Amino acid sequence: MKQWERFKNSYFLHSFKHDWVAIVCFVVLLILILLSILAPVIAPHNPYDTASTDIMNAEMPPSWMEDGNPDFVLGTDIQGRDLLSTMLYGLRLSVMIGCGAVALQAIIGIFIGMISGYMGGKVDAFLMRIADVQLSFSTLMVAIMISAIFQVAFGVGRYEQLAVPLLVLIIGLAEWPQYARTVRASVLGERNKEYVEAARVIGLSPARIRWRHILPNTMSPVLVISTIQVANAVMSEAALSFLGLGMPITKPSLGSLINSGFEYIFSGSWWITLFPGILLVVFVLVINLLGDWLRDVLNPKLYKG
Amino acid sequence: MGHLLEVKDLEVKFALRMGDLTAINGVSFTLDRGERLGLVGESGAGKSVTGFAIINLISKPGYISGGTVIFDGRDLTGLTGEGMRHIRGNLISMIFQDPMMTLNPVLTIGTQMVETLQAHMNISRKAAEKIALEKLRMVQIPSPEKRLQQYPHEFSGGMRQRIVVAIALLADPALIIADEPTTALDVTIQAEIMELLLELCESEGTGLILITHDLAVVSQVTQKIAVMYAGKVVEAGLTEDIIDNPLHPYTQGLIKALPDGRNPGTRLNQIPGVMPSLIDIPPGCSFHPRCTIRGDICRYESPVLREIPGYRNMAACHMLGLKKEPTEKDRAE
């Protein structure tokens, strides 16, 4: 209750209420997330149920066009699945992979960044060079290698079942240095502050000082990059899927949906690519705008002219 | 029973590129239970380093290169890790200069106090909060129950320093090291905090090492004074002896430099020159380039802290008690 009172009077909420871009983005994001969570409930069809799809319905245009079927509001894809339902399920997968990958990045990155910044010296140099090496591989390259190896080792059938955790792992491993660098930079700034010295004088253990005293003070940049990293992870997943290295077409994410429609775009079936594309752009855009707003709020020194 | 704290020939060096730099060179003093000692000197004299050396918290590249710090019969210079953490904040606390910086901005006062207690004692949150409340009352924080839930930015500077004092008192330490505890505060608050600290040390029987460059504060609070210059103690003795009858030319200069309030509008005295950088301490007595009574011997031989015949103070100066002239001059004044 007290926390809520505190929150109600905070600058955070105040600046949120006075920024209509933030409000709109937040509402849109909330709707998209609700849609993705509730996809099994609200989607008119179940795209994973192969028995209910009919290949005869393939490439049906949206319902408002001629030849459109009111059953399929946004039309159907090449396998005759309802596009709206498939998009909702795809968004769900994208959100899941995005959040999972960012959580993995954050855990690895914060841990390594903290150790690196706090210890300094050789440990720091070693860990940061690892981060540099990791960053010099592009996400796509890492993904291509890992998924190629995986598909060979376990076969395509197993791959379809394990695609989600695998993508989380790939994107998480590829991007952790972003977190490690941010956290390290903040820790370097914080560790020489007097409150850290005071905590040492009080006799607290180094581990306690690190995780309980320094870490909370580094959280605002971490929060900001987290929003942007979620958007990045969703984009990475879409890119991988578009290249055929991500979600299989039987369980399409937004990226694989765009890819599957791409081949048919010149034969007139533009909707298979366009609608998932718009959804992806909107989703990533609102997250990025919210991240921008968050950065401005958490760093009041950064005034815009 | 021996002394509470006995610092003997303490030597701290900083390992730099050009070689080791001696920041503290053979500092010795003792402190009994409930006794209050002032460490006085200019900036860079090694006062704060001495304070940190006592609790073995010299940060790299510094290290204790010699001497002992006997606290309650144990040598602290040899302790590391767990053993030292048991001492810090529990038996010896430290108060820093700037209360704006020493409290963690993202944790409530209550959390920080409870945490300190739980680091040293095996007690529940409830019990720890009770002790915290009691200490906040001791430092005269109004409505401490409410204040416990607040963050450092919700307090004024003086209030924060009171809280820092309360945190220092939490575990009922035997010794508090206060490193310029009032420098960052304005003058009226300074007096309040100093008075509070003095009162608490007296009522709790806590020893105090007050590190400051403010002789006026030291003279009101402490019983003993050690004057430091360029990493050495140049004069030590009882407070009244040093204030009324300083022997070392540096101490005399410091006291003359104080505004005495009798002649408003006149220029203040100052000691000519600046303290030498630790990189090139002059050979012999490190004070001789600024000294008014230097002799030839000061140029090449470093004086040791010794008793001066006819006085109760100890001073490190070749020219004292040697011949009649300086002492006679002193008496004439």
Side-chain angles (χ1 to χ4, degrees), chain A residues 1-12 14 110 114 116-125 183 186-224 297-301, chain B residues 48 51-52 54-61 79 81-108 111-121 146 149-152 154 160 163-164 167-168 170-171 173 176-179 184:
Chain A
M1 230 26 231
K2 224 171 194 168
Q3 303 283 326
W4 172 244
E5 281 298 312
R6 208 181 267 279
F7 178 71
K8 241 168 55 180
N9 291 323
S10 64
Y11 170 69
F12 191 79
H14 174 84
I110 289 173
M114 173 61 81
S116 189
Y118 191 80
M119 301 281 190
K122 283 183 184 137
V123 179
D124 179 30
V183 170
S186 308
V187 170
L188 283 181
E190 295 292 327
R191 76 164 179 192
N192 291 328
K193 290 205 174 152
E194 269 192 45
Y195 71 84
V196 178
E197 192 87 62
R200 245 177 248 148
V201 166
I202 281 168
L204 301 182
S205 65
R208 208 177 166 82
I209 292 174
R210 275 202 291 273
W211 301 112
R212 192 141 166 70
H213 284 245
I214 299 181
L215 188 65
N217 281 296
T218 63
M219 273 300 115
S220 50
V222 167
L223 221 59
V224 172
V297 173
L298 294 180
N299 191 356
K301 279 178 224 147
Chain B
S48 299
F52 278 108
I54 290 170
I55 51 171
N56 208 343
L57 250 188
I58 303 279
S59 43
K60 277 184 198 167
L79 285 181
E82 209 48 53
M84 201 59 228
R85 274 207 292 285
H86 174 67
I87 306 262
R88 288 179 201 143
N90 195 15
L91 301 173
I92 305 179
S93 318
M94 198 155 173
I95 298 171
F96 292 99
Q97 180 173 343
D98 193 348
M100 311 287 165
M101 308 290 292
T102 46
L103 294 167
N104 192 329
V106 299
L107 299 177
T108 61
T111 315
Q112 296 188 49
M113 295 184 89
V114 167
E115 187 174 53
T116 307
L117 279 166
Q118 285 183 331
H120 296 296
M121 287 173 232
K146 219 173 102 196
Q149 313 297 329
Q150 292 184 327
Y151 289 88
E154 298 174 80
R160 267 187 251 189
I163 286 161
V164 172
I167 291 178
L170 271 178
I176 293 179
I177 301 171
D179 188 355

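Note that the coordinates shown come from a computational prediction; the quantities given were computed from them, not determined experimentally. Letters go in sequence order (proteins before strands), and every chain restarts at 1.
Among B:I95, B:I55, B:L107, the residue making the largest number of heavy-atom pairs under 4.5 Å with chain A is B:L107. When each of A:E190, A:R200, A:K193 is checked for heavy-atom pairs under 4.5 Å with chain B, A:R200 comes out on top. When each of B:G89, B:A168, B:P173, B:S59 is scored by its heavy-atom pairs under 4.5 Å with chain A, the top score falls to B:G89. Residue with the most contacts toward chain A among B:M94, B:E115, B:H86: B:E115 (heavy-atom pairs, distance under 4.5 Å).
Contacts of A:R208 with chain B are made by side-chain atoms alone, with heavy-atom separations under 4.5 Å and no backbone atom involved. Both the backbone and the side chain of B:Q149 have a heavy atom closer than 4.5 Å to some heavy atom of chain A. Only the side chain of B:I167 comes within less than 4.5 Å of a heavy atom in chain A; its backbone stays farther off. Heavy atoms of B:E82 lying under 4.5 Å from chain A are absent altogether. For chain A, the nearby part of B:L103 is the backbone; its heavy atoms alone come within less than 4.5 Å.
Here the side chains of B:P152 and B:Q112 are in contact, with some heavy-atom distance below 4.5 Å. B:T111 places a side-chain heavy atom less than 4.5 Å from the side chain of A:R212. You'll find the side chain of A:E197 reaches within 4.5 Å of the side chain of B:F52, heavy atoms only.
Once rounded to the nearest 0.5 Å, the distance linking CZ of B:R85 with CG of B:N90 reads 12.5 Å. With rounding to the nearest 0.5 Å, the separation of CD1 in B:I177 from CD1 in B:I92 is 5.5 Å. For the atom pair OG1 (B:T102) and CZ (B:R160), the distance works out to 8.5 Å, reported to the nearest 0.5 Å.
Heavy-atom minimum distance, A:V187 versus A:Y118: CG1-N, 3.7 Å.
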